[in-house]
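Please read the structure below before turning to the comments.
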Amino acid sequence: MLTICKREFRSYLTSMAGYVFIAFVLLVIGVYYTGYHMTMGYPIFGYTMSSSNFVFLIATPVLTMRALAEEQRQKTDQLLLTAPVSVTDIVVGKYLGMLGIFTILVLILCFYPAILSVYGTVSLPAAYTSILGFFLLGMADLAVGLFLSSLTENSVIAAVSTVGVLFLCFLMGGITSLLSETAATSYLILSLLVILFVIVAYFFIKNKVLALVIGVMGEGVLSALYFLSSDKLEGVIQKVLYVFDMSGHFDDFAEGILNLSNVVYFLSITVVFLFLTIQMIQKRRWS
């Protein structure tokens, strides 16, 4: 794992990808930093972190789009898969390599609140809490991007799909607020999510019967709840979609609030998508 991590980390530093990622993110943050703090004199560093978290939509694919997709295209993934290392070591090693690049960025970012404190009174605990949230959000986004890179051998498709998925998550808070909290709305959207889950499950297990059974059972439970006790479905869709609202879970950090449930949320997203990436490569390895 350590060897793969070093190889991946070095590859980002010997190409433009790592430097472009760091420079672009710092440029966007620098614009808000200058506007909010240097020009307007706001002492709350979380304003900058909250306003610039959209940068991951564009910057994440810079690191992730070629991580596994390029290996498939050039057929070098076969060398990795036949090497005396586990698939887990391969995936985690690659992830830690790109996380190392992101860590360099965050370490640079840690100087920003200290610079502000020279010119005025700044709550450093709140500032560094927002940076911690930014780091956790980036960890989760990189894991999502790595998983999407494992689904294709075309790095452009991997980049576009990463942007699309992260953009949808970014808008999830607004989408949720537009939906009615009625049982009928929850029933309809959850039914569609069950169908989507069945499609994804079939993609992984390649068993039509099992996927169909999962779908029928899911729709059956939803229908039973709706017709027998519809009040239990009221507002459920908001709670379900909030799971995908990564920006919403970041808001507490931006306000200087260290909520352990949000820390667990981002770590869980990271672990889940790394697990899915491992399973995806395992499936291809034995197919």
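Starting from 1, each residue takes its place in the sequence as its number. Computed from a predicted model, the values in this text were never measured in an experiment.
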Which atom of [X] lies closest to which atom of [Y], heavy atoms considered:
X: Ser11; Y: Glu8; value: OG-O, 2.5 Å
X: Glu219; Y: Ser191; value: OE2-O, 2.9 Å
X: Ala140; Y: Met246; value: CB-SD, 3.9 Å
X: Ala114; Y: Ser117; value: O-OG, 2.6 Å
X: Tyr12; Y: Ala17; value: CD2-CB, 4.0 Å
X: Ser186; Y: Gly235; value: OG-N, 3.9 Å

Within 6.0 angstrom of [X] [atom1], more than 12 heavy atoms from elsewhere:
X: Met217; atom1: CE; value: no
X: Phe54; atom1: CZ; value: yes
X: Tyr242; atom1: OH; value: yes
X: Tyr47; atom1: OH; value: no
X: Tyr128; atom1: OH; value: yes

Would you please classify the geometry between the [Y] ring and the [X] ring as parallel, tilted or perpendicular, with 30° and 60° separating the classes?
X: Tyr265; Y: His249; value: parallel
X: Tyr33; Y: Tyr112; value: tilted
X: Phe56; Y: Phe134; value: tilted

Pairwise distance [atom1]([X]) to [atom2]([Y]) - rounded to 0.5 angstrom:
X: Met98; Y: Leu142; atom1: CE; atom2: CG; answer: 6.5 Å
X: Leu233; Y: Tyr226; atom1: CG; atom2: OH; answer: 8.5 Å
X: Phe24; Y: Ile29; atom1: CZ; atom2: CD1; answer: 10.5 Å
X: Asp141; Y: Cys169; atom1: CG; atom2: SG; answer: 8.0 Å
X: Thr277; Y: Phe275; atom1: OG1; atom2: CZ; answer: 10.5 Å
X: Leu166; Y: Ser247; atom1: CG; atom2: OG; answer: 9.5 Å

In Leu27, Val106, Ile101, Leu63, the residue satisfying side-chain contact (heavy atoms from CB on, under 4.5 Å) with Ile22 is Ile101

Do [X] and [Y] come within less than 4.5 Å of each other through their side chains, counting heavy atoms only?
X: Met38; Y: Ile115; value: yes
X: Ile131; Y: Phe45; value: yes
X: Tyr19; Y: Leu13; value: yes
X: Ile108; Y: Ile104; value: yes
X: Ile269; Y: Met139; value: no
X: Asn53; Y: Leu137; value: yes
X: Leu258; Y: Val263; value: yes
X: Ile44; Y: Tyr36; value: no

Spell out, yes or no, whether [X] and [Y] are grouped together once hydrophobic residues are joined by side-chain heavy atoms under 4.5 Å, including indirect joins.
X: Phe135; Y: Val264; answer: no
X: Leu107; Y: Leu109; answer: no
X: Val163; Y: Ile58; answer: no
X: Val160; Y: Leu146; answer: no
X: Val216; Y: Ile214; answer: no

Is it true that a side-chain atom of [X] and a backbone atom of [Y] form a donor plus acceptor pair closer than 3.5 Å?
X: Thr103; Y: Leu99; value: yes
X: Ser161; Y: Ala158; value: yes
X: Ser150; Y: Phe147; value: yes
X: Thr39; Y: Thr34; value: yes
X: Ser149; Y: Gly145; value: no

Exercise. How about Thr182 and Tyr187: does a side-chain donor come under 3.5 Å of a side-chain acceptor?
Worked result: no

Side chains of Asn259 and Ser261, donor plus acceptor under 3.5 Å
yes

Can you check side chain to side chain contact (heavy atoms under 4.5 Å, CB included) on Leu168 and Ile175, steps first, answer last?
CA-CA 9 Å; Leu168 184 61; Ile175 294 173; 4.0 Å; yes

**Prompt:** Where do Met65 and Thr162 land on the side chain to side chain contact (heavy atoms under 4.5 Å, CB included) test, with the steps shown first?
**Reply:** CA-CA 8 Å; Met65 66 180 183; Thr162 300; 6.0 Å; no

Dump the intermediate steps for side chain to side chain contact (heavy atoms under 4.5 Å, CB included) on Leu148 and Phe273, then the final yes or no.
-> CA-CA 9 Å; Leu148 294 172; Phe273 277 94; over 6 Å; no

**Request:** List the steps, then state whether side chain to side chain contact (heavy atoms under 4.5 Å, CB included) holds for His37 with Tyr119.
**Result:** CA-CA 10 Å; His37 309 302; Tyr119 298 97; over 6 Å; no

